[in-house]
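Contents: one structure, followed by commentary.
All figures in this text were calculated on a predicted structure; none of them were measured in a lab. Note on naming: letters A, B, ... go to the chains in the order of the sequence lines (proteins, then strands), and numbering restarts at 1 for each one.
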2 protein chains.
Amino acid sequence: MAEPLTSTEMAGWRAYIESSQRLMTQLEDDLRADSGLTFADYHVLVLLSEAPGRRLRMGELASRLVFSPSRLTYQIGSMEKRGLVARESCPEDRRGSEAVLTAEGLRTLREAAPHHLRSVRAHFVDDLDEAEIAVLTRVFTRLGERLRASRSGVTQ
Amino acid sequence: MAEPLTSTEMAGWRAYIESSQRLMTQLEDDLRADSGLTFADYHVLVLLSEAPGRRLRMGELASRLVFSPSRLTYQIGSMEKRGLVARESCPEDRRGSEAVLTAEGLRTLREAAPHHLRSVRAHFVDDLDEAEIAVLTRVFTRLGERLRASRSGVTQ
DNA sequence: TAGCTCTATTTCAGATTTGAACCAACCGCC
DNA sequence: GGCGGTTGGTTCAAATCTGAAATAGAGCTA
């Protein structure tokens, strides 16, 4: 308890933080160069393309993207201007609205995906062997579940 | 090559991205609540506190933080206003400047560190066993080296 | 040493992100 | 039906971040 993190733990923690930052920067640069998209743009396109009806409620989208509500409002507004998504108000709940993928958005995603995935492979996945991927998957899946659970109970 | 990422790889990649986002959000929230600091603020304080003379050239600091030059200029300006660091011009190279940790900055770091480290432990490290930490450390250390190397050669 | 090129950092304008209000619509419940 | 207490989203002002100039000094070579 005197030392909240052992030096081994600290080393792992720091490597994780720094490398994650570098990885993101690299992927964002590639994505911008190849497709003129932001990582957030891309992620929105992916989630919408997988959703039934290619549409998702704002709240649902925000929680999957781990975005604050106001950030999502802005993000969708920006993508709407570029014609990648449309905003429709929700029939069941008139407070709500949903983001819908446009044909243009789908086309953009299909064009961007192979480049982006190649970039993810080149900068990250290819560096890992099978066992490492398995560990990462296990660790981060578990972590995600824990964090999702712990935050939903903290309204304060 | 038809499928740039296998479904196993994709699952790992997505879990990593989403959980990392969640983790950062959680840590930032804790840090703000406990100490009124940003993750970036904290990181700057740590790096400066470990540097010889508790000072670092802007460029060096930017590269370790993985910040763009202009972002670092802004970040240090903001911390300067709050009295956490001072900016001094560099004697050997008059183009350069260095950020120096102030006594106030050191005090702030010492006050914040235990809380923050407890938070890192609670939300991340405690969830991992020794073998997992070892894998993460190995993977992300290697990744960091690769990324550092590959980007330094891309001036275009 | 003048001229060139390169490097370190800042400046600038615009885009994004933040947290704190705010607004409307939903949900019991009287 | 109407009143309080949530909930889903948006708005707003302020803070931060970005990439593309602009500055200024270093360093080499003629």
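Atom CD in A/E92 sits roughly 13 Å away from atom P in D/dG8 (whole-Å rounding). Distance, A/Q75 CD to D/dT10 C1': 16 Å, rounded to whole Å. Atom pair A/R94:CZ and D/dT10:P shows a separation of 16 Å (rounding to whole Å applied). Distance B/R82 CZ to D/dA15 C1': 11 Å, rounded to the nearest Å.
Near DNA chain D, meaning a heavy atom under 4.0 Å away, the residues from residues 21-55 of chain A are A/R32.
Using a cutoff of 4.0 Å between basic side-chain nitrogens and carboxylate oxygens, A/R64 and A/E60 are scored as salt-bridged. Electrostatic pairing of A/R22 and A/E18 counts as a salt bridge here, judged by a charged N lying under 4.0 Å from a carboxylate O. Under the 4.0 Å criterion applied to side-chain N and carboxylate O atoms, B/E132 and A/R142 are assigned as salt-bridge partners. Taking 4.0 Å as the cut-off between side-chain N and carboxylate O, A/R82 and A/D41 count as a salt-bridged pair.
Not one side-chain nitrogen or oxygen of B/R71 sits closer than 4.0 Å to the OP1 or OP2 atom of D/dT16.
For B/Q26, the side chain to side chain donor-acceptor pair (under 3.5 Å) criterion is met by A/R151, B/D30, not counting sequence neighbours.
Of the possible polar contacts, none joining the B/S20 side chain to the B/I17 backbone as a donor-acceptor pair under 3.5 Å is found.
Taking CG from A/L72 and CE from A/M79, the interatomic distance works out to 10.0 Å, rounded to the nearest 0.5 Å. Between the CZ atom in A/F39 and the OG1 atom in A/T25 there is a gap of 11.5 Å [rounded to 0.5 Å].
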Identify each atom pair where a protein N or O and an N or O of nucleotides 6-12 of chain C are less than 3.5 Å apart, giving names and distance.
unit_1: C/dT7; atom_1: O2; unit_2: B/R95; atom_2: NH1; d: 2.8
unit_1: C/dA8; atom_1: O3'; unit_2: B/R57; atom_2: NH2; d: 3.2
unit_1: C/dT9; atom_1: OP1; unit_2: B/R57; atom_2: NE; d: 3.0
unit_1: C/dT9; atom_1: OP1; unit_2: B/M58; atom_2: N; d: 3.4
unit_1: C/dT9; atom_1: OP1; unit_2: B/S97; atom_2: N; d: 3.4
unit_1: C/dT9; atom_1: OP1; unit_2: B/S97; atom_2: O; d: 3.2
unit_1: C/dT9; atom_1: OP2; unit_2: B/G59; atom_2: N; d: 2.6
unit_1: C/dT9; atom_1: O3'; unit_2: B/S97; atom_2: OG; d: 3.4
unit_1: C/dT10; atom_1: OP1; unit_2: B/R87; atom_2: NH1; d: 2.9
unit_1: C/dT10; atom_1: OP1; unit_2: B/S97; atom_2: OG; d: 3.3
unit_1: C/dT10; atom_1: OP2; unit_2: B/T73; atom_2: OG1; d: 2.8

